[in-house]
2 protein chains.
Amino acid sequence: MPGTDRRAWEVVLESIEADLLSGRLAPGDHLPAERALAADLGVGRSSVREALRVLEVLGLIRTAAGSGPSAGAIVVALPGGGMSALMRLQVAAQGFPVADVVKTRLILEAAVVAELARASEPAGDTGPAGASAHPDLTGSAQLLDAMEAPDLTEAEFLALDTQFHLSLATASGNQVITATMAGLRSAIEGYAQAGALGLASWAETSARLRGEHRGILAAIDSADPELARALVVSHIEGYYAETHDRPLHARPPAPEPT
Amino acid sequence: MPGTDRRAWEVVLESIEADLLSGRLAPGDHLPAERALAADLGVGRSSVREALRVLEVLGLIRTAAGSGPSAGAIVVALPGGGMSALMRLQVAAQGFPVADVVKTRLILEAAVVAELARASEPAGDTGPAGASAHPDLTGSAQLLDAMEAPDLTEAEFLALDTQFHLSLATASGNQVITATMAGLRSAIEGYAQAGALGLASWAETSARLRGEHRGILAAIDSADPELARALVVSHIEGYYAETHDRPLHARPPAPEPT
DNA sequence: CGTGTACTGTGGTCAGACCACACCCGTCGC
DNA sequence: GCGACGGGTGTGGTCTGACCACAGTACACG
């Protein structure tokens, strides 16, 4: 019979996935207790725990010890953490080249700002089927204000920068893009910080970045998709080239032929 | 002291991530045996196994029992499987709306074919820094030939369709996009199949899809980025609208107010 | 009626045991 | 001398049982 050859924890994972797909489990629901799940599926508790651990890292469930309504494993479906862990580790393991991460981020963010600009059309929207009239960018603007503080360290500035770019993705309303952008961003966080330390003049660079941010937001507000897209492209390509001493689309330096 | 309050399996995960980042671990390397790892880090073997399970699902390692050089846990960094699992489960758990998945796929694939068309410029490339001259699309073309077989079932056709679209991403050479496209595609595989069964005329639709595929490839070959992009957009939007009875950018029908 | 304490069930962790497996190497037979 | 065969050894895979910390709950007590 099929299924017997699968590893025990895979059986658990598939069972839970089937419950999700069939609607027996929905966000907010409690999973059965680990011991009960083990008994139901005929596997050991440790196998159940391995499956639950995977689901937790992937952002599908949240676990809490103790008793009461908030205890146990609860379906949450928050993809951000899982995507970040996946991309961070793949970059660490050299499965994802940093340049590919940046290129992908560039594509997604350019599309996001172009759509935001399109949706920002003052009158007549994109039609009655338009996603959401006038996406909320007040949070993004507030982040830009916070970045004007003169005594920010590189790390603080970059943390706000991350939040700003992420807020644009959030404003687009696309859950997949939001989570992916969060993952891409966290994957290269270390590189962005390392690059900032090697810059000739941080004050000069950060001033330029601030100005570019304002320009992007202005282009969105003025409903100019192509301008917004172009500004994002030069913003990201510029920072990459400045911190890596080569343009984004160049071949990386040949690996040492040791 | 920090780190003590973290859960045991997180300690293992962080330890391995640190080894990857520092270069102590690289693709192809063996991880220490589970029992040794547990002893080194002062945790139980079950905690080590939970961490390794996560790494395995994320595509970071491959495990094999037995003895010899191929046994044990080996760093592999194959992001496709992990991305697929993550997106499939997030769609199942309603963290990712299907429409957002399709929209994201549309953005990425449009960018991919546009870049392929740009790189297909017959002479003078994109300069000495160009990614790779003339990306290899023979595999993509062969898949289209295979899709001409008249006796294909819906499932077989869609499987080839998945491979075709994935081959385009692969041809771009971008690891992140390739893995992401694989994940997006596997996440909506079930919906694509269910949609195919509800079509008025599968023969008619599949014939149209075949023609559109040829057109996309032709646009790439003729180095026309904008045409390739437009064809991809209408290809994906068309299939979505046909199988969901509404355009991709429309609001989904209001949920039942039960 | 309020308060505090024991109880119960949860996830978190560990230790130990057994299994199947695959390689390695020594022995045995030719 | 050489090949085949068999046990030895170490691996991941799994299960069992136990203990802990924790948080809510029920009940007895004042």
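Each chain gets a letter, A, B and so on, in the order the sequences are listed, and its residues count up from 1.
Where the helix from C/dC1-D/dG30 to C/dC30-D/dG1 starts and where it ends, the local axes point in directions that differ by 30°; five pairs per end, rounded to 10°.
Judged by distance alone, with hydrogens and angles left aside, the side-chain atoms of A/T178 form a donor-acceptor pair with the main-chain N or O of A/N174 at under 3.5 Å. Using modelled atom types, no side-chain atom of B/D19 and backbone atom of B/L25 make a donor-acceptor pair closer than 3.5 Å.
Across residues 36-57 of chain A, A/R45, A/R49, A/R53 each have a non-hydrogen atom less than 4.0 Å from an atom of DNA chain C (numbered order). For the segment residues 58-69 of chain B, the set of residues with a heavy atom within less than 4.0 Å of an atom of DNA chain D comprises B/T63, B/A64, B/A65, B/G66, B/S67, in numerical order.
Counting non-hydrogen atoms under 4.0 angstrom, A/A71 reaches nothing in the nucleic acid.
For DNA chain D, the outermost nucleotides in 5' to 3' order that have an atom under 4.0 Å from a heavy atom of chain A are D/dG13 to D/dG24.
The nearest heavy atom of DNA chain D to B/A33 and to A/S70 marks one nucleotide each, and the one closer to the 5' end goes with B/A33. Each of B/R35 and A/R35 was matched to the nucleotide of DNA chain D holding its nearest heavy atom; the match closer to the 5' end belongs to B/R35.
Here A/E109 pairs with A/R105, A/H165 under the side chain to side chain donor-acceptor pair (under 3.5 Å) rule; sequence neighbours left out. Taking A/E14 as the reference, A/R6, A/E10 meet the side-chain contact (heavy atoms from CB on, under 4.5 Å) condition, with sequence neighbours excluded. Legend: residues meeting side-chain contact (heavy atoms from CB on, under 4.5 Å) with B/T153, ordered by chain and number and at least two apart, are B/A155, B/E156. Remark: B/I74 pairs with B/H30, B/R62 by the side-chain contact (heavy atoms from CB on, under 4.5 Å) rule, at least two apart or across chains. By the side chain to side chain donor-acceptor pair (under 3.5 Å) test, A/T243 pairs with no residue at all, sequence neighbours left out. B/T162 is linked by a side-chain contact (heavy atoms from CB on, under 4.5 Å) to B/R185, counting only residues two or more places apart in sequence or in another chain.
In this entry the distance linking CZ of A/R7 with C1' of C/dA20 reads 14 Å, nearest Å.
Classification of the B/F164-B/H213 ring pair by plane angle, with boundaries at 30° and 60°, yields tilted.
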Can you tabulate the close N/O pairs, meaning under 3.5 Å, that link protein atoms to atoms of nucleotides 2-7 of chain C?
none

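Residues B/P27 and B/V76 form no side-chain contact, since every pair of their non-hydrogen atoms from C-beta on lies 4.5 Å or further apart. By the 4.5 Å heavy-atom criterion applied to side chains, B/L158 and B/M147 are not counted as neighbours. Side-chain contact between B/I107 and A/I177 is present, with at least one heavy-atom pair separated by less than 4.5 Å. Between A/Y191 and A/V101 the shortest side-chain heavy-atom distance does not fall below 4.5 Å.
Residue pairs meeting the side-chain hydrogen bond (donor to acceptor under 3.5 Å, both in side chains) criterion with at least one partner in residues 70-79 of chain B, sequence neighbours excluded, are absent.
In this structure, A/E56 pairs ionically with A/R53, as a charged nitrogen and a carboxylate oxygen lie closer than 4.0 Å.
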